[in-house]
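All chains are named by letter (A, B, ...) in the order of the sequence lines, taking the proteins before the strands, and each is independently numbered beginning at 1.
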Amino acid sequence: MINKVLIVNRGEIAVRIIKACREMKILSAVIYSDPDIDSLHVRAADEAYRIGPAQASESYLHIPKIIELAKEINADAIHPGYGFLSENAAFIRAVEDAGITFIGPGSDAVLLMGQKTAARTLMKSSGVPIVPGTTEPVRTVDAAIKAAEVIGYPVMIKASAGGGGKGMRKVFNPQELPDAFEKASSEARKAFGNDAVYIERFIVNPKHIEVQIIADKFGNYLHLFERECSVQRRHQKVIEEAPSIAVDDATREKITSAAILAAKACNYVNAGTIEFLMDRDKKFYFLEMNTRLQVEHPVTEMITGIDLVKEQIKIASGEELSFTQEDVTKTGHAVECRVYAEDVDNNFAPSTGKIIHHRMPSGPGIRIDRGIDLQTNISVYYDPMLSKVIAWGKDREEAIVRLKRALSEYQIAGVITNIHSLRWILTNEKFIDGSFDINFIENEFLPLVPEKWKQGNSDELKFWVSVLGALLKHDETKLKANPVNCTSTNKWTSLRYE
Amino acid sequence: MNDFVVTISDEKRTVTVLNEDTVEFDGNKHPVKLSKINNHVYLLKIGNKVYEITTDKLDKDKFGFLINGHYFETTVRTKLSEKAAEYLKNKRLESHQDNISAPMPGLLLKLMKKVGDKVEQGESVAVLEAMKMENDLRSPASGIIKEILVAEGASVEKNQVIINIE
């Protein structure tokens, strides 16, 4: 039995976990750093504790403080969310050692999957297809050149301890290799404190397909279908959907079976995601396993009706899964987009400030998972994601139409957001027909930044905002202070039908 | 006095506010009605169409408008102050003086240039780290680096001048 969960995270995912706890009548406690005092997760939780100053290393990443707090407040479980400490094996071990239930996999599985070369070796021996390449770290330039020759160019050099695009280099020929090798190792050392790299074949224009799996402590392993997350910028996902338009029934059968094999190979428990690259011929290759809840988990929840966070908590408290693979069915289609505080035309610079106005979309098929509310500070210290807008429809077309409609209803003031660029993606032909791959943003959108992508904006909208601008400026410059009428009139009162 | 020049990504439009209920644009008069919902949301009716527009005042003459999921950064000036702004801008171009300032608070990770170096408009001159991400700072003008006011590794505040260019 879990009575109180300490949520070691912030933003929308902390709020998401609070909601699951509340539905299960479990107390939720959160931690916050100084700039987060007005954050939504602090307002929403049953209990909130200051953990430290802004720097994550002194707050959301400070393992001893977190363990001490959990003991002091009698939290019997810890949920890590995603990012921060979620895939930190040392943290998970510290939680286990303190006699607290960790809502997630065991530290052994996390440790194993965190070492990319060890994971590749294990996958290969378990019959999960991996991208052709080395399964051992490559130590020298000479060894790298030899390995690349066997694999065939172009190749990717990747950090063994890696993730998030750091310590990664694409190489087209042997001449480029020595320089790329040095750079990848040096980046890996800086980012992960470990300069080991490995080499694998570069898959041309693949799609990013991942499979959600869930496993209990009784050896039951289930998959919850796939998600497609090919719309990414610098390895950060922007739009995700389930199911994938590119995965047919036969491929789905194969890729979900491979995911189950992968989870079984590391004795995985709880919710996890196996990421694959899929080429044009629908051949797929193991990329990595994310041993935690994903940002994009809601699209899976929308098509399966399964609440992943509640299932995570039930599994952690020792319950057996209450459903079988046959019970897991999918209905319709769901698409999620991530709303970031960023200025797309200004080189995607993060936009900071205070949320001074926030009105969320609503209506059929719309779900918002958010970490912001009025007066929330968007600081430079953390991830600039504000919220996620998720739309469900009976098919992909309806989901996209609903998502576009929802984005046009979304009102945020105080920071600049990427909402309008999300709309651009949703109306792009390659996104709509499903032919997009992981280079979509780089090839289709970035050449039009800055400004050119807005050329499709209607003159009518520009006219409208011009009139509003002129009226507001007129009001400001009037000698007599006579504020704009403050009544919210019914906008249709003066329209007459018939 | 009631002519306003509205600039949206380099396009300029002139809107004349005849009175509180009428504006003139492109030689046509339009009946308008403006209601304020709160400090950041306005209901604007032009003819028979109504739009709800989210508004953020960015600085003295700058507004951010969010309308139907489209965002417009808009500079609005009276005709007179627009002329003054144009004059100042030309003046600046003549003397080739410009500066690069921090668009957000952060950590100055790297400087690509030193005093006396040539820069081209749009060239990256520095890397600023904010929100776990590295952001390129690009030069707004071509010229020679005259002065560097912040050292590598130092934190900068929003709008703090980092480099002067001549």
Side-chain angles (χ1 to χ4, degrees), chain A residues 234 341-343 345-352 356-357 359 379-384 404 406-417 419-420 422-423 450-451 454 457-458 461-475 477 483-489 491-492 494-495, chain B residues 1-2 4 6 8-11 13 15-17 20 23 25 30 32-46 48-56 61 63-78 103-106 128 130-133 135-136 138 158:
Chain A
R234 292 189 183 176
E342 66 184 11
D343 188 352
D345 279 328
N346 189 8
N347 211 12
F348 296 85
S351 171
T352 58
I356 50 180
H357 174 73
R359 196 185 71 186
S379 70
V380 292
Y381 300 104
Y382 312 112
D383 185 282
K404 278 195 289 193
L407 288 176
S408 63
E409 290 172 5
Y410 206 162
Q411 299 179 350
I412 297 182
V415 290
I416 296 169
T417 74
I419 288 177
H420 54 335
L422 295 169
R423 272 189 64 100
E451 298 294 338
K454 287 191 225 162
N457 280 352
S458 78
L461 292 179
K462 290 184 195 163
F463 167 61
W464 282 80
V465 298
S466 300
V467 169
L468 177 60
L471 287 169
L472 294 177
K473 199 74 193 171
H474 176 248
D475 202 56
T477 52
V484 177
N485 195 357
C486 273
T487 54
S488 60
T489 53
K491 65 183 197 171
W492 301 117
S494 59
L495 291 187
Chain B
M1 180 61 197
N2 289 340
F4 295 91
V6 182
I8 303 172
S9 37
D10 292 333
E11 290 173 37
R13 289 173 172 73
V15 179
T16 308
V17 180
E20 279 189 11
V23 298
F25 178 74
H30 301 273
V32 297
K33 187 164 164 47
L34 182 64
S35 306
K36 185 176 179 178
I37 305 296
N38 65 33
N39 282 334
H40 306 289
V41 183
Y42 291 88
L43 221 49
L44 178 63
K45 180 163 176 274
I46 306 183
N48 283 339
K49 278 195 167 178
V50 181
Y51 277 108
E52 203 168 18
I53 306 175
T54 310
T55 308
D56 197 358
D61 295 324
F63 295 92
F65 291 123
L66 187 62
I67 175 169
N68 278 20
H70 295 268
Y71 180 75
F72 298 97
E73 214 164 272
T74 310
T75 306
V76 189
R77 296 192 180 103
T78 62
M104 70 212 113
L128 185 72
M131 286 181 170
K132 303 194 304 182
M133 286 194 292
N135 303 282
D136 272 344
R138 291 166 192 277
K158 191 176 174 176

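Comparing T74(B), V32(B), I46(B) by how many heavy-atom pairs each has under 4.5 Å with chain A, the most go to I46(B). Your options are G69(B), G64(B), G106(B), and the one with the most heavy-atom pairs under 4.5 Å with chain A is G69(B).
To the nearest 0.5 Å, atom NE2 of residue H474(A) and atom CD of residue E20(B) are 7.0 Å apart.
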For residues 461-473 of chain A, which side-chain N or O atoms pair as donor and acceptor with protein atoms under 3.5 Å away, sequence neighbours left out?
from    : atom 1 : to      : atom 2 : distance (Å)
K462(A) : NZ     : E11(B)  : OE2    : 3.1
W464(A) : NE1    : E460(A) : OE2    : 3.4
S466(A) : OG     : K462(A) : O      : 2.6
K473(A) : NZ     : E476(A) : OE1    : 3.3
K473(A) : NZ     : K60(B)  : O      : 3.0
K473(A) : NZ     : D61(B)  : OD1    : 2.8

Which donor-acceptor pairs under 3.5 Å do side chains of residues 410-417 of chain A form with protein atoms, sequence neighbours excluded?
from    : atom 1 : to      : atom 2 : distance (Å)
Y410(A) : OH     : H358(A) : NE2    : 2.8
Y410(A) : OH     : S387(A) : OG     : 2.8
Q411(A) : OE1    : H357(A) : NE2    : 2.7
T417(A) : OG1    : I419(A) : N      : 3.3

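A pairwise comparison of heavy atoms in P105(B) and V380(A) identifies O-CG1, 3.1 Å as the closest pair. Contact between H420(A) and Y71(B) at its shortest, heavy atoms only, is CD2-CB, 3.6 Å.
Proximity to chain A (any heavy atom under 4.5 Å) is restricted, for V6(B), to the side chain, taken from C-beta onward. Both the backbone and the side chain of L44(B) have a heavy atom closer than 4.5 Å to some heavy atom of chain A. With a threshold of 4.5 angstrom between heavy atoms, D345(A) does not approach chain B through any atom at all. Of the two parts of T55(B), the backbone and the side chain both hold a non-hydrogen atom closer than 4.5 Å to a non-hydrogen atom of chain A.
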